[in-house]
Amino acid sequence: MDFAYDARTEELRATLLDFMDSHIYPAESVFRTQVERLDDRWAWDSVPVLAELRAEARERGLWNLFLPGEHGAGLTNLQYAPLAEITGRSAALAPAVLNCAAPDTGNMEVLVQFGTEQQRKQWLEPLLDGTIRSAFAMTEPEVASSDATNIATRIERDGDDYVLNGRKWWITGAMNPNAEIFIVMGKTDPSADRHRQQSMILVPRDTAGVEIHRGMEVFGYDDHDHGGHAEMTFTDARVPASNLIGIEGAGFAIAQARLGPGRIHHCMRSIGLAERAVELMCARADDRVAFGRPLADQGVIRDWIAESRVRIEQLRLLVLKTAWLMDTVGNKGAHTEIQAIKIATPAAVQWILDKAIQVHGAGGLSQDFPLAAAYAGIRTLRFADGPDEVHKNALAKSELRRQREAR
Ligand SMILES: Cc1cc2nc3c(=O)[nH]c(=O)nc-3n(C[C@H](O)[C@H](O)[C@H](O)COP(=O)(O)OP(=O)(O)OC[C@H]3O[C@@H](n4cnc5c(N)ncnc54)[C@H](O)[C@@H]3O)c2cc1C
């Protein structure tokens, strides 16, 4: 077993680490100021510093790193994992700069895997080029959406078109006017088998009957830096039948295929976020003096620092193993491990952020440090791409099955 990264990964890591130091970290506050000055506060693709950073990232070969195969950088999951981790250190900016941000990444993967030539030309190419953004619309307010078979939005065939009716919420990125295309999940045949009722279809933002109502808040944050999460409706929204992705009834299977890589990307980035939290925690513990001693001299704080390091190392090994499995036996073969990292990572990183906040005192809760916003962000990951309990339920089912077979 070799724990070293290969030569290509090391080379890209060095380039990315340099880019983070020279461009990303210094731009974080500039980006925030420029976003605040926008006329349309959601139009953050139009922030000047973002365009400059994107041009520089491309120039350095740091573009579409997430995408294996000919359409992207051609990296394996194992090669991409340590790079995604680095981008997670500046989660609001770096992934978007490198054209590696969710939900565009998952949407591009769907188009690569299941799109027609025409769909790829029209939507995949500008997404790969970073000129447009996209959203993925599955979750609905009226039904428990962790069980995707509940999705009630209708996609009905009418001549050469499909007509959509339904309400969605938590649609990440959809507040951003540059999100020109939505992949929408709905039911084409409610009488079919439970997992064959759903389909996915491409709906351009400017389709008549598509309406964005509001951005959802996370603990009072609007999650603006991630493009917000929209509540939206489709009212007799009509698109050509050629916009269907794959065949009718394939929606559930496509959703499953889409979520594997998405989940591991989230976990990789979260580990980078945890590393940054530990850096902040240690710096603050060394600097701050209470009762005559730096906080770093207190046993309880050393315990948090040590625990954080142990948890990060454990998580990283499991994430890298999962990436390796995805590369060698495929996403399906790595299913259990993908569930395991999706359960373990957000909870552990939430714990680390909580301790980093505690070490910072009340300041840790404030806008003066990135920790409170990061905490809100990581808490959402215990829902996004499936709640913890659903993953635990599925993992336990497969473990029980394995144990029964072994007996
Ligand atoms: C920040 C953020 C971004 C998101 N982005 C998107 C997006 O871009 N597109 C999109 O379509 N959706 C998005 N979502 C929605 C997300 O995918 C859903 O919130 C998630 O699937 C859960 O669905 P629900 O909220 O309807 O919860 P419900 O389905 O109502 O579940 C509620 C709770 O029930 C419990 N539960 C459910 N099933 C089980 C079980 N089998 N065993 C035990 N307990 C169970 C769990 O505790 C769960 O949290 C996003 C969510 C967040 C927070």
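Please read these numbers as outputs of a predicted model, since none were measured by experiment. Read the numbers this way: they start at 1 and go in the same order the structure lists the ligands and their atoms.
Under the 4.0 Å distance rule, the nearest protein heavy atom to atom 35 (C) of ligand 1 falls outside the cut-off. Protein heavy atoms are found inside the 4.0 Å sphere centred on atom 14 (N) of ligand 1. Remark: atom 25 (O) of ligand 1 lies closer than 4.0 Å to no protein heavy atom.
Listed by number with element, the atoms of ligand 1 under 4.0 angstrom from any heavy atom of Thr380 are 1 (C), 53 (C). Near Val143, meaning under 4.0 Å from one of its heavy atoms, ligand 1 places the atoms 26 (O). Listed by atom number, the atoms of ligand 1 under 4.0 Å from Asn393 heavy atoms are 41 (N). In the vicinity of Met138, heavy-atom distances shorter than 4.0 Å reach the ligand 1 atoms 10 (C), 11 (O). Near Val390, with a cut-off below 4.0 Å to any heavy atom, the atoms of ligand 1 are 37 (C), 38 (N), 39 (C).
Nearest protein heavy-atom contact of atom 19 (O) of ligand 1 is Phe383 CB, 4.2 Å. Counting only heavy atoms of the protein, atom 9 (N) of ligand 1 lies nearest to Phe136 O, 2.8 Å. The closest protein non-hydrogen atom to atom 18 (C) of ligand 1 is Thr139 OG1, 3.8 Å. Ranking protein heavy atoms by distance to atom 44 (N) of ligand 1, first place goes to Glu389 CB, 3.3 Å. Here the heavy atom of the protein found nearest to atom 31 (O) of ligand 1 is Ser146 OG, 3.6 Å. Looking at atom 8 (O) of ligand 1, its nearest protein heavy atom turns out to be Thr172 N, 3.0 Å.
Taking both residues in full, the closest heavy atoms of Arg269 and Ala102 are given as NH2-CB, 4.1 Å, listed atom of the first, atom of the second, then distance.
A salt bridge links Glu10 and Arg13; the closest N-O separation between the charged side-chain nitrogens and carboxylate oxygens is under 4.0 Å. A salt bridge between Glu313 and Arg316 is present, with a side-chain N of the basic residue lying under 4.0 Å from a carboxylate O of the acidic one. The existence of a salt bridge linking Arg58 and Asp129 is confirmed by a sub-4.0 Å separation between a basic side-chain nitrogen and an acidic carboxylate oxygen.
No close placement of the Trp170 and Phe383 rings is indicated, their centers lying 6.0 Å or farther apart.
No side-chain N or O of Gln198 forms a donor-acceptor pair with one of Lys187 less than 3.5 Å apart. With 3.5 Å as the limit, one finds no donor-acceptor pair spanning the side chains of Thr149 and His195. No side-chain donor from either of Asn243 and Gln119 sits under 3.5 Å from a side-chain acceptor of the other.
Here His229 has side-chain heavy atoms under 4.0 Å from ligand 1, and that is the only part of it that gets that close.
A cation-pi arrangement, defined by a distance under 6.0 Å to the six-membered ring centre and an angle within 45 degrees of its axis, is present between Arg133 and Trp44. In this structure, Arg157 satisfies the cation-pi test against Tyr162, with its NZ or CZ atom closer than 6.0 Å to the six-membered ring centre and inside 45 degrees of the ring normal.
Heavy atoms of Val218 stay at 4.0 angstrom or farther from ligand 1. A heavy-atom separation below 4.0 Å is not found between Asp388 and ligand 1.
Between Trp170 and ligand 1, an N or O atom pair is found at a separation short of 3.5 Å. By the 3.5 Å distance cut-off applied to N or O atoms, Ser145 is counted among the residues near ligand 1.
No donor-acceptor pair under 3.5 Å is formed between the side chain of Ser90 and the backbone N or O of Thr87.
Trp123 is listed as a side-chain neighbour of Leu202, based on a closest heavy-atom distance under 4.5 Å.
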